[in-house]
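Everything on this sheet refers to the single structure shown next.
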Amino acid sequence: MEIRFTEEQESIRTTVRDFAETKIRPKVMEYDEAQRFPSEIMKELGEMGFLGILIPEEYGGAALGYVEYVITIEELSRVDGSVGLGVAAHNSLCTGHIFAAGTEEQRRKYLPLLASGKWIGAWSLTEPTAGSDAAGTKSVAVRDGKDWVLNGSKTFTTHGSVGDVAVVFAVTDKGRGKHGISAFIVEKGTKGFRAGKKENKLGCRASDTSEIIMEDCRVPGANLLGGEGEGFVDAMKILDGGRISIAALALGMAQGALDASLAYSRERRQFEQPISAFQAIQWYLADMATKIEAARLLTFRAAVMKDRGQNTTKESAMAKLFAGETAVWVADRAVQIFGGYGFVKDFPVEKFYRDVKLCTIGEGTSEIQRLVIARQLLK
Ligand SMILES: Cc1cc2nc3c(=O)[nH]c(=O)nc-3n(C[C@H](O)[C@H](O)[C@H](O)COP(=O)(O)OP(=O)(O)OC[C@H]3O[C@@H](n4cnc5c(N)ncnc54)[C@H](O)[C@@H]3O)c2cc1C
């Protein structure tokens, strides 16, 4: 067992960190306050190869692995969770699903556009009445000649309004439960397909989260993604990868909150000494760093296993559960260390405190991660 990054991996970390510090940090609060999707940042990330991280070169991707992917999401999220969330949803959900389940024709058509960032991808599983119980999907797709006609509505779709293409899930055979749900590729501008309400969120406010409405939305048969009735099963496999990226998102934000707390505790003076001299503050910092390191090990373990082609259902859920809960705890301690200044928007920990909460909810809540882990333990 060796815990060491390669030179190439270290260089990716430096590149992404420099980009995040110079291009993203100056605008973080502007994006957040305006709830504005940072399209220019996504465009640049696409040009740098970070929107097709896991995609082979023949489809325009960077042909890297999950370790490099985690490094990228971690470094972006250390500065802005909204950007980290967008890059994660684009890479491992939409793009990853088309790569994993797509036909050669679908891969050639969509992956170069997505991997270059010319198109932004969305992945739309959740519905108003089917969240944790995603197999309770109500949207339907009915065959009509060579086409499929989709009806229904989706909620909480990352890039639901800014996305150029979405992978959506609909029931194609009601009697077959989760084996009767199929996935479809739907392009923006398709008649009967539109974004609904854009959510006004607690955190990750620059990330676009919207409803999707499908009203007699007709797509060609060639847009069925994966086998008929295999959409839900494929989705669960996609989430095994996606959860590693949410763990990385949590990890990055927790590290960002710790870095800010370390700097502030050295500068801020009370009782004629820096607050870092107080044992109470030191213990917070020590616990924050220890938990983050444990989250990092779980996350990279899952990434390494994924790169080796091993099944990571349990490890991805463990990483996401632990990193997500850790990020919430760390951000809370960070606000405490900042005192009143942690409660205002002039310092970064206020935003981390809001943004981290997504990590215990998106791509399966903490309760659902425990359910997944327990099922793996007991099977
Ligand atoms: C910012 C954001 C971005 C998102 N992006 C996407 C996206 O791109 N695509 C997409 O498809 N979805 C997306 N989601 C949806 C997300 O995956 C769901 O919100 C999540 O799975 C929970 O579903 P729910 O909100 O319906 O909560 P519910 O399922 O209603 O859960 C409510 C509570 O009940 C608990 N609960 C439910 N079932 C059980 C159980 N069996 N045992 C114990 N507790 C249980 C939950 O843990 C939770 O605490 C996003 C959500 C957010 C907030």
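Order of appearance sets the numbers: ligands from 1, and atoms from 1 within every ligand.
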Notebook entry, point to check: In Å and rounded to the nearest 0.5 Å, what is the CG to CG distance from Leu224 to Asp147?
Noted result: 12.5 Å
Item checked: Options Thr126, Leu93, Thr129, ranked by nearest heavy atom to atom 16 (C) of ligand 1, top entry -> Thr126
Next item on the list: List the atom of Gln369, the atom of Glu363, and the distance in Å for their closest heavy-atom pair.
Entry: NE2-O, 3.3 Å
Next item on the list: Would you kindly confirm whether Trp119 and Val162 end up in one hydrophobic cluster when ILVMFWY residues are joined by side chain heavy atoms under 4.5 Å apart?
Entry: no
Note to self: Please list the nearest protein heavy atom to atom 20 (C) of ligand 1 with its residue and the distance rounded to 0.1 Å.
What the structure shows: Ile361 O, 3.6 Å
Note to self: So, taking the atom named OG1 in Thr158 and the one named CZ in Phe37, what distance separates them when rounded to the nearest 0.5 Å?
What the structure shows: 10.0 Å
Check: Side chain, backbone, both or neither: which part of Lys154 comes within less than 4.0 Å of ligand 1 when only heavy atoms are counted?
Finding: neither
Next item on the list: Take atom 35 (C) of ligand 1 and look for protein heavy atoms under 4.0 Å from it; say yes if you find one, no if not.
Entry: no
Margin query: In this structure, is the centre-to-centre distance between the rings of Tyr341 and Phe338 below 6.0 Å?
Written below: no
Note to self: Taking the ring centre of each residue, are Phe99 and Tyr110 less than 6.0 Å apart?
What the structure shows: no
Next item on the list: Would you confirm whether any non-hydrogen atom of the protein falls under 4.0 Å from atom 30 (O) of ligand 1?
Entry: no
Next item on the list: Provide the number and element of each atom of ligand 1 under 4.0 Å from a heavy atom of Leu125.
Entry: 10 (C), 11 (O)
Next item on the list: Return each pair, listed once, that meets side chain to side chain donor-acceptor pair (under 3.5 Å) where at least one residue sits in residues 175-185; pairs must be two or more places apart or across chains.
Entry: Thr172-Ser182
Notebook entry, point to check: Stepwise, does the salt bridge (Lys or Arg N to Asp or Glu O under 4.0 Å) test hold for Glu74 with Arg296?
Noted result: CA-CA 10 Å; Glu74 182 188 351; Arg296 182 169 284 117; 2.7 Å; yes
Item checked: Mode of Thr209 contact toward ligand 1 - side chain, backbone, both, neither (heavy atoms, under 4.0 Å) -> side chain
Check: What atoms in ligand 1 come closer than 4.0 Å to a heavy atom of Thr365?
Finding: 22 (C), 46 (C), 47 (O)
Checklist line | Identity and distance of the protein heavy atom lying nearest atom 24 (P) of ligand 1 | finding: Gly131 CA, 4.0 Å
Margin query: Measuring from atom 8 (O) of ligand 1, which candidate in Thr158, Leu358, Ile368 has the nearest non-hydrogen atom?
Written below: Thr158
Margin query: Please state which option from Cys204, Ser132, Gly86, Ala235 has its nearest heavy atom closest to atom 28 (P) of ligand 1.
Written below: Ser132
Item checked: Heavy-atom nearest neighbour of atom 45 (C) of ligand 1 within options Gln369, Glu127, Glu367 -> Glu367
Note to self: Show the atoms of ligand 1 that are less than 4.0 angstrom away from any heavy atom in Leu371.
What the structure shows: 41 (N)
Next item on the list: Look at atom 14 (N) of ligand 1 and say which protein heavy atom is nearest, naming residue and atom and giving the distance to 0.1 Å.
Entry: Phe156 O, 3.2 Å
Check: Charged N to carboxylate O below 4.0 Å: is that the case for Lys27 and Asp80?
Finding: no
Next item on the list: Look up atom OG1 in Thr72 and atom CG in Leu54, then write down how far apart they are to the nearest 0.5 Å.
Entry: 9.0 Å
Next item on the list: With heavy atoms of Glu363 as the reference, note each atom of ligand 1 found under 4.0 Å away.
Entry: 17 (O)
Next item on the list: Look only at interatomic distance and state if Trp123 has a nitrogen or oxygen under 3.5 Å from any nitrogen or oxygen of ligand 1.
Entry: yes
